[in-house]
Amino acid sequence: MGYSAAFHCVAGCEGSYPLDTVIYACPKCGELLEVLHDIEALRDRSADEWKQLFDARWMTRHWPYGSGVWGKKEWVQPHLRDENIVSTAEGGTNLFWAERYGAGLGLDDVWIKNCGNSHTGSFKDLGMTVLVSTVRQMISDGKPIRAIACASTGDTSAALAAYCAAAGIPSVVLLPKGKVTTAQLVQPLANGAQVCALDTDFDGCMALVRKLAEEEGIYLANSMNSLRLEGQKTVAMEIVQQFEWRVPDWVIIPGGNLGNVSALGAGFTMMYQLGLIDRKPRICVAQAQQANPLYRAYQQGWDTFEPITAGQTEASAIRIGNPVSVRRAIRALEAYDGVVEQASEAELAEASAAADRTGTYTCPHTGVALAALEKLAARGEIRKSDRVVVVSTANGLKFTQFKIRYHEGTIPGVQSRHPNRPVELPNDLDAVKRAVLGGLD
Ligand SMILES: *Cc1c(COP(=O)(O)O)cnc(C)c1O
Ligand SMILES: [Zn+2]
């Protein structure tokens with residue numbers, strides 16, 4: 001099995017670099033790198049043989065192949081020796097049929113891919129397992145790596161800290177002070193990361209960590225490092241696999257730094273190239289109105305892209321004004337007949353709450369994607385029978401204050417149309433009966 005993959009310049013400069021090279025940008029033009037696989041080598045199995053292999057490994061106990069990522073190892077990081085894999089059995093997350101929520105929008109076939117039902121509570125686990133495993137192999141091969149560092153809006157640092165702790169590798173996290181949730185701050189602390197809470201925003205942390213990574217032995221874990229995207233692209237493969245290898249009509253995904261939509265596109269493209277699918281979905285990136293540089297560029301027909309300073313949003317993980325992967329994302333959207341939508345604070349909060357009323361527990365970023373779904377459905381761009389998958393990026397349990405404030409009606413600019421509050425009562429049966437039975441009328 002001579003499978004192989006290497007880093008290449010996204011702008012097409014010549015040259016390829018092994019995946020265990022410490023390199024984040026093209027030495028010729030400074031653009032990002034992407035991982036390209038030897039597709040010809042992967043043709044040694046037919047499309048049906050790949051499907052059978054992936055189905056046989058799905059949730060198996062045969063370590064590490066029961067992981068949603070490592071079950072597709074040949075397509076993700078073929079150079080890893082199994083003993084170096086740092087896995088928490090990531091992936092394989094539930095695809096939830098949002099029957100009642102969809103019906104409320106006049107849609108029959110809406111699904112939510114719950115990527116937040118994962119070890120550290122977000123899709124970031126899918127990418128971090130690939131990055132940390134590769135670094136572990138580099139260390140065992142004698143490369144002088146002392147720590148892995150990232151800037152984070154909360155979920156990247158939680159994933160980095162957990163995988164590093166599992167591997168025994170030091171981790172360093174740069175967070176914008178006061179701009180991540182309590183849960184997201186505690187996660188890397190609990191896992192023993194060195195956490196620096198900085199007096200800036202995410203884009204400021206990003207600029208600093210890039211400088212920090214110029215120091216000898218500090219390896220950069222942000223998504224300009226495209227190893228992570230190789231793991232994240234398995235979400236496209238899982239969605240199709242969970243529909244018995246059928247392609248949905250639409251995938252809606254919230255976007256900040258825009259690595260995840262790039263990965264989603266890459267996953268579909270690989271399946272298409274290797275014949276596992278014969279049609280493409282349309283992709284919608286959903287942005288918070290407060291942090292919408294991609295939406296603005298889309299409105300201008302992609303003519304110009306202007307970074308912005310992102311404003312305050314409940315969707316804190318996508319509060320990014322200068323996304324690293326913007327070029328890759330635009331390329332993916334062009335290949336998938338893509339659209340970009342945006343959601344105001346009121347729209348994201350109401351969409352999240354409306355979906356929760358039908359049995360989900362959605363994070364604010366998923367709320368942004370749901371609000372985009374509502375707009376596309378209202379415009380008739382998504383039709384009743386279309387199969388739609390909304391990628392839910394994090395677990396709602398990380399965003400307790402968002403939920404509490406919504407139900408208390410204290411989020412600025414949000415009316416809270418579906419509030420629900422506890423009824424406080426004395427320890428008295430009659431009072432309980434009056435409250436409960438009265439409430440059922
Ligand atoms: C990281 C993250 C995103 C955004 O992903 P990008 O690749 O930066 O576009 C969205 N939602 C959540 C919960 C995240 O943690
Ligand atoms: Zn280049």
Side-chain angles (χ1 to χ4, degrees), residues 7-17 23-34 113-118 120-128 150-160 175 180-181 183-184 187 202-203 206 221-226 228-229 231-233 235 252-266 283 285-288 291-295 310 313-329 332-333 340 343 348 352 362-370 372 390-399 402:
F7 291 123
H8 292 258
C9 170
V10 293
C13 297
E14 265 187 44
S16 76
Y17 313 91
I23 185 171
Y24 315 109
C26 171
K28 293 177 182 145
C29 74
E31 266 293 343
L32 292 182
L33 299 170
E34 66 185 332
K113 176 67 171 160
N114 276 316
C115 297
N117 292 351
S118 186
T120 72
S122 85
F123 77 83
K124 298 294 198 296
D125 291 347
L126 300 174
M128 208 53 82
C150 75
S152 178
T153 54
D155 290 327
T156 300
S157 47
L160 177 67
L175 293 172
V180 306
T181 69
Q184 290 169 321
Q187 284 183 290
F202 170 79
D203 295 296
M206 192 66 239
N222 280 97
S223 59
M224 74 240 326
N225 184 327
S226 53
R228 280 173 51 201
L229 304 196
Q232 289 172 208
K233 84 187 177 197
V235 75
I252 304 178
I253 188 166
N257 229 353
L258 304 174
N260 212 22
V261 63
S262 310
L264 184 75
I283 293 179
V285 173
Q287 292 209 296
N292 64 353
L294 187 73
Y295 177 78
T313 172
E314 295 297 324
S316 48
I318 55 177
R319 180 179 179 173
I320 294 174
N322 189 14
V324 189
S325 293
V326 64
R327 287 199 31 162
R328 287 192 279 210
L333 286 169
V340 185
L348 75 88
S352 171
T362 43
C363 77
H365 322 85
T366 307
V368 171
L370 294 171
V390 173
V391 177
S392 174
T393 45
N395 196 308
L397 289 168
K398 291 199 193 201
F399 298 88
F402 165 66

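Remember, predicted model here, so these are calculated numbers, not experimental data. Atoms within a ligand are numbered from 1 in the order they appear, just like the ligands themselves.
When each atom of ligand 1 is checked for a heavy atom of His365 under 4.0 Å away, the hits are 11 (N), 13 (C). Remark: ligand 1 atoms within the under-4.0 Å shell around heavy atoms of Gly259 are 6 (P), 7 (O), 9 (O). Applying the 4.0 Å criterion to heavy atoms of Asn257 picks out, from ligand 1, the atoms 6 (P), 8 (O), 9 (O). Every atom of ligand 1 with a heavy atom of Gly255 under 4.0 Å away is listed here by number and element: 9 (O). Of all atoms in ligand 1, listed by their number and element, those nearer than 4.0 Å to a heavy atom of Thr393 are 10 (C), 11 (N), 12 (C), 13 (C). Residue Asn260 approaches ligand 1 through these ligand atoms, each under 4.0 Å from one of its heavy atoms: 6 (P), 7 (O). Annotation for ligand 1: atoms under 4.0 Å from non-hydrogen atoms of Ile318 are 3 (C), 4 (C), 10 (C).
Angle subtended at the Zn ion (ligand 2) by Cys26 SG and Cys9 SG: 110°, rounded to 10 degrees. At the Zn ion (ligand 2), the angle from SG in Cys29 to SG in Cys13 is 110° when rounded to 10°.
Polar contact with ligand 1: absent for Ala317 (N/O pair, distance under 3.5 Å). When only interatomic distances are considered, the shortest N/O to N/O separation between Asp155 and ligand 1 falls below 3.5 Å. Residue Leu258 places at least one N or O, backbone or side chain, under 3.5 Å from an N or O of ligand 1. When only interatomic distances are considered, the shortest N/O to N/O separation between Thr153 and ligand 1 does not fall below 3.5 Å. Where the criterion is an N or O separation shorter than 3.5 Å, residue side chain and backbone included, Thr156 fails it with respect to ligand 1.
Side-chain atoms of Thr153 and Ser316 include no donor-acceptor pair closer than 3.5 Å.
In terms of protein heavy-atom proximity, atom 5 (O) of ligand 1 is closest to Phe123 CZ, 3.5 Å.
Proximity of Lys124 to ligand 1, defined as any heavy-atom pair under 4.0 Å, is confined to the side chain (atoms from C-beta onward).
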* To do: Take Glu314 and Phe399 through the test side chain to side chain contact (heavy atoms under 4.5 Å, CB included) and record every step on the way to the result.
  => CA-CA 9 Å; Glu314 295 297 324; Phe399 298 88; over 6 Å; no
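Using a 4.0 Å cutoff on heavy atoms, Cys363 does not count as a contact of ligand 1.
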